[in-house]
Amino acid sequence: MTIPAPDFDLEMTLNCGQVFHWRKYRDGFVGTIGDLALYAEQGERALKVRFGGTPKPARGTRALPGIVARYFSLDHPLKEICASFPDDPTMNKARDFCRGLRIIRQPKWECLATFICSSMKQVAHIRQISCALRKRYGGKAMICGITIYHFPAPELVATATENGLRKCALGYRAKNLLATAKRVASGEADLEAWSALSGDELRARLCELPGVGTKVANCVMLFAYGRITAFPIDVWIERVLRQTYFARKRKVTPRRLAEFTAEYFGPHGGYAQQYLFHHARSTKNSQRHPQRSRRTLKKSPER
DNA sequence: CTCCAGGGATGAT
DNA sequence: ATCATCCATGGA
């Protein structure tokens with residue numbers, strides 16, 4: 001099946017650090033969208049997809065393109081969004097580099113759980129945790145003859161033990177994930193109903209969950225609730241912001257950074273953030289690392 | 001405000 | 001083969 005997808009780069013979108021379970025396969029990727037299993041491949045201004053799953057998708061084949069288009073946010077006016085970014089050298093480089101990158105709409109629980117696991121972890125490690133959770137607790141599906149796993153529902157994770165979760169390399173995050181799963185499974189935390197909340201209220205609700213602070217809450221708002229104004233500040237973004245917009249200013253508090261980003265990057269700040277993030281990470285080896293020790297710096301070859 | 005647990009991958013030596 | 005570095009939350 002072919003789905004029209006102008007201004008879309010599948011590889012960029014899946015590898016920019018917003019989602020962690022897609023696996024390279026042949027000329028495309030295999031993964032899940034909720035309870036759908038699929039293969040997706042970049043085409044000319046289009047997405048070529050193949051659906052799998054056991055049993056066959058229950059809903060009509062007619063509904064499937066819409067589900068894929070919604071997941072990849074093909075409805076976002078990407079040209080307008082990019083045009084709204086501030087015009088400065090750093091932002092312009094990131095915008096050119098990340099052409100076709102879209103902020104996707106992930107299932108809320110899956111996104112929340114994954115980002116609770118992401119704390120103090122690097123992207124490569126988050127991938128492993130996400131896949132281990134799926135393999136141990138999630139349901140199986142087949143696509144293109146290979147086995148993949150769905151993300152386990154909150155009810156399933158809630159019945160796990162902390163030790164079982166620790167076997168998925170969660171470390172101290174196991175306790176937080178378990179506690180949050182119980183709140184979501186019991187209905188005490190109603191992730192779907194929270195869609196109706198304002199940004200500030202939604203962030204406050206999310207931050208009440210164990211293992212969720214401002215950064216994780218903003219990631220969930222951006223990647224699952226479609227709040228494209230949300231601006232998660234991790235170490236990468238903080239580095240970019242400080243170097244680019246606060247050069248040789250001391251004492252820039254997190255509060256100050258948050259106020260600046262909301263004002264400077266505007267209503268599509270989340271997009272700007274992801275572009276800056278992905279560009280900084282992708283070019284890390286061609287830049288001098290600012291926090292390398294003096295000893296390392298002296299010995300390393302000039303480049 | 002500061003300090004620090006936590007743990008596995010990743011990269012340098 | 002060792003050693004340093006990366007990372008967010010939450011509690012002291």
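Quick note on labels: first sequence line is chain A, next is B, and so on, each numbered from 1. Please read these numbers as outputs of a predicted model, since none were measured by experiment.
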Separation of [N] [atom2] from [X] [atom1] (nearest whole Å):
{"X": "R127(A)", "N": "dC7(C)", "atom1": "CZ", "atom2": "P", "result": "15 Å"}
{"X": "L170(A)", "N": "dT9(C)", "atom1": "CG", "atom2": "P", "result": "15 Å"}
{"X": "N163(A)", "N": "dG7(B)", "atom1": "CG", "atom2": "P", "result": "12 Å"}
{"X": "K175(A)", "N": "dG10(C)", "atom1": "NZ", "atom2": "P", "result": "13 Å"}
{"X": "I233(A)", "N": "dC7(C)", "atom1": "CD1", "atom2": "P", "result": "15 Å"}
{"X": "L177(A)", "N": "dG7(B)", "atom1": "CG", "atom2": "C1'", "result": "16 Å"}
{"X": "I129(A)", "N": "dC6(C)", "atom1": "CD1", "atom2": "C1'", "result": "14 Å"}
{"X": "E238(A)", "N": "dC7(C)", "atom1": "CD", "atom2": "P", "result": "11 Å"}

Practice item. Only counting residues at least two apart or in another chain, list the ones meeting side chain to side chain contact (heavy atoms under 4.5 Å, CB included) with D234(A). Key: K215(A), W236(A), I237(A), F277(A)

Study note, to complete from the structure: side chain to side chain contact (heavy atoms under 4.5 Å, CB included) filter on P210(A), not counting sequence neighbours, yields N176(A), A179(A), T180(A), R183(A)

**Study point:** ring-ring contact (aromatic ring centres under 6.0 Å, His included) pairs, two or more places apart, involving residues 183-216 of chain A
**Key:** none

Review point. If you look only at pairs with a residue in residues 199-230 of chain A, which of them pass as a ring-ring contact (aromatic ring centres under 6.0 Å, His included), with sequence neighbours excluded?
Key: F115(A)-F223(A)

**Study point:** Proximity to DNA chain C (any heavy atom under 4.0 Å), residues of residues 249-258 of chain A only
**Key:** none

Exercise for review: Output all residues satisfying side chain to side chain donor-acceptor pair (under 3.5 Å) with R242(A), sequence neighbours left out; order by chain, then residue number.
Suggested key: E238(A)

Practice item. Name all residues meeting the side chain to side chain donor-acceptor pair (under 3.5 Å) criterion together with Q18(A); count only those two or more places apart in sequence or in a different chain, and write none if there are none. Key: none

[X] [atom1] to [Y] [atom2] distance, which is reported to the nearest 0.5 Å:
{"X": "K108(A)", "Y": "M221(A)", "atom1": "NZ", "atom2": "CE", "answer": "12.5 Å"}
{"X": "C219(A)", "Y": "Q273(A)", "atom1": "SG", "atom2": "CD", "answer": "7.0 Å"}
{"X": "F20(A)", "Y": "Q128(A)", "atom1": "CZ", "atom2": "CD", "answer": "12.5 Å"}

Check your understanding: Counting only non-hydrogen atoms, which of residues 197-219 of chain A are less than 4.0 Å from DNA chain B?
Key -> none

Practice item. Would you please confirm or rule out a distance under 4.0 Å between OP1 or OP2 of dC6(C) and any side-chain N or O of W236(A)? Key: no

Each nucleotide N or O in nucleotides 8-10 of chain B that has a protein N or O under 3.5 Å away: list the pair and distance.
residue : atom : partner : partner atom : Å
dG8(B)  : N2   : Q122(A) : OE1          : 3.4

Point to revise | E162(A) and R173(A) ion-paired at < 4.0 Å | key: no

Review point. For the ring pair F260(A) and Y245(A), is the centre-to-centre distance below 6.0 Å?
Key: yes

**Study point:** side chain to side chain donor-acceptor pair (under 3.5 Å) contacts touching residues 199-208 of chain A (sequence neighbours left out)
**Key:** S198(A)-E201(A), D200(A)-R203(A), R203(A)-N218(A), R205(A)-E208(A)

Exercise for review: Have a look at D234(A) and say if it touches a base, only the backbone sugar-phosphate, or nothing, with a 4.0 Å heavy-atom cut-off.
Suggested key: sugar-phosphate

Check your understanding: Is atom NZ of K24(A) surrounded by more than 12 heavy atoms (other residues, nucleotides or ligands) closer than 6.0 Å?
Key -> yes

Taking only distance into account, with no hydrogens and no angle test, what donor-acceptor pairs under 3.5 Å do side-chain atoms of residues 74-86 of chain A form with protein atoms, sequence neighbours excluded?
residue : atom : partner : partner atom : Å
D75(A)  : OD1  : R105(A) : NH1          : 3.0
D75(A)  : OD1  : R105(A) : NH2          : 3.4
D75(A)  : OD2  : R105(A) : NH2          : 2.8
H76(A)  : ND1  : Y271(A) : OH           : 2.7
K79(A)  : NZ   : D7(A)   : OD1          : 3.3
K79(A)  : NZ   : D7(A)   : OD2          : 3.2
S84(A)  : OG   : I81(A)  : O            : 2.7
S84(A)  : OG   : H268(A) : ND1          : 2.8

Check your understanding: How would DNA chain C look in dot-bracket form, 5' to 3', counting Watson-Crick and G-U wobble pairs with both distances under 3.5 Å and writing | for bases paired to another strand?
Key -> |||||||.||||

